[in-house]
Amino acid sequence: MVQNSLCHGIIANKLQTTVCVAIDYPQLNMRRKERRLSKGFRVTASLDAAAAVAEVGQVTEVNKDTFWPIVKAAGDKTVVLDMYTQWCGPCKIIAPKYQELSEKYGDVLFLKLDCNQENKPLAKELGIKVVPTFKILKDSKIVKEVTGAKFDDLVAAIETARST
């Protein structure tokens with residue numbers, strides 16, 4: 001199993017198909033071992049022999065391979081996706097506020113997708129035109145979208161999605 005001091009994004013061992021998506025939990029063996037948070041819920045999705053995990057109360061980095069399994073595993077829970085790029089100034093400005101929202105809403109799953117070359121097929125599938133773009137999903141369907149670093153619009157969209 002691949003070990004490191006901080007688990008950022010996905011770490012896969014080529015000998016064993018072990019995937020880590022939970023940021024700051026490098027000690028987890030992601031092969032169906034679960035760590036429970038005192039608040040909220042946990043989403044576990046199967047990717048063939050691997051498992052992708054996202055938890056409420058934090059922002060989880062996803063990629064083209066882990067996004068849909070996590071969204072489908074969330075069921076009717078509200079899922080918010082931040083589509084960003086490393087070089088985007090407004091993306092960097094809103095990132096701490098997005099993290100705060102993930103801590104505030106214990107019934108919402110917060111994900112982020114780096115729209116780099118590797119994830120371009122998913123970004124195209126989701127119809128991204130500008131960054132940042134926030135997609136809000138329920139039952140694996142996009143129900144709201146906010147383009148740009150518009151914090152108040154994002155909060156309003158999350159509140160609307162949660163109430164439906």
Non-hydrogen atoms of Q99 and Q58 that approach each other most closely: NE2-CA, 4.0 Å

Smallest separation among heavy atoms of V71 and S140, with atom names: CG1-CA, 3.7 Å

Distance-only donor-acceptor check, side chains N116 and Q86, under 3.5 Å: no

N63 side chain vs D65 backbone, donor-acceptor pair below 3.5 Å: yes

Among I158, V56, V80, T78, side chain to side chain contact (heavy atoms under 4.5 Å, CB included) partner for Y105: I158

Contact summary for P90 and P132, nearest pair of heavy atoms: CB-CD, 4.1 Å

From NZ (K104) to CZ (F110), nearest 0.5 Å: 9.5 Å

Hydrophobic cluster identity match, I93 and V146, side-chain contacts under 4.5 Å: no

side-chain contact (heavy atoms from CB on, under 4.5 Å) between V79 and K138, worked out: CA-CA 6 Å; V79 178; K138 267 199 137 162; over 6 Å; no

Any donor-acceptor pair under 3.5 Å from T66 side chain to V62 backbone: no

side-chain hydrogen bond (donor to acceptor under 3.5 Å, both in side chains) partners of residues 124-136, not counting sequence neighbours, each pair once: W68-E125, K135-E145

Hphob cluster co-occupancy, V130 + L81, side-chain heavy atoms under 4.5 angstrom: no

Backbone of E118 reached by a side-chain donor or acceptor of K64 within 3.5 Å: no

Spacing of K144 atom NZ and F134 atom CZ [to the nearest 0.5 Å]: 15.5 Å

Distance (rounded to the nearest 0.5 Å) between L111 CG and D82 CG: 9.5 Å

Salt bridge (Lys or Arg N to Asp or Glu O under 4.0 Å) partners for E159, two or more places apart: R162

Point-to-point distance, once rounded to the nearest 0.5 Å, from CG of L154 to CD1 of I94: 6.0 Å

L101 side chain reached by V59 side chain, heavy atoms, under 4.5 Å: no

Output field: ring centroids Y98/Y84 closer than 6.0 Å: no

Atom pair CD1 (I128) and CE (M83), whose distance is rounded to the nearest 0.5 Å: 4.0 Å

Which atom of A161 lies closest to which atom of I136, heavy atoms considered: CB-CG2, 3.5 Å

Test side-chain contact (heavy atoms from CB on, under 4.5 Å) applied to T160 and V143, step by step: CA-CA 10 Å; T160 301; V143 295; over 6 Å; no

Side-chain donor/acceptor of N119 to backbone N/O of L122, under 3.5 Å: no

Ring pair (Phe, Tyr, Trp, His ring centres under 6.0 Å) partners of residues 138-164, not counting sequence neighbours, each pair once: none

Which atom of G57 lies closest to which atom of E103, heavy atoms considered: O-CG, 3.6 Å

CD1-CD distance between I70 and E55, expressed to the nearest 0.5 angstrom: 10.5 Å

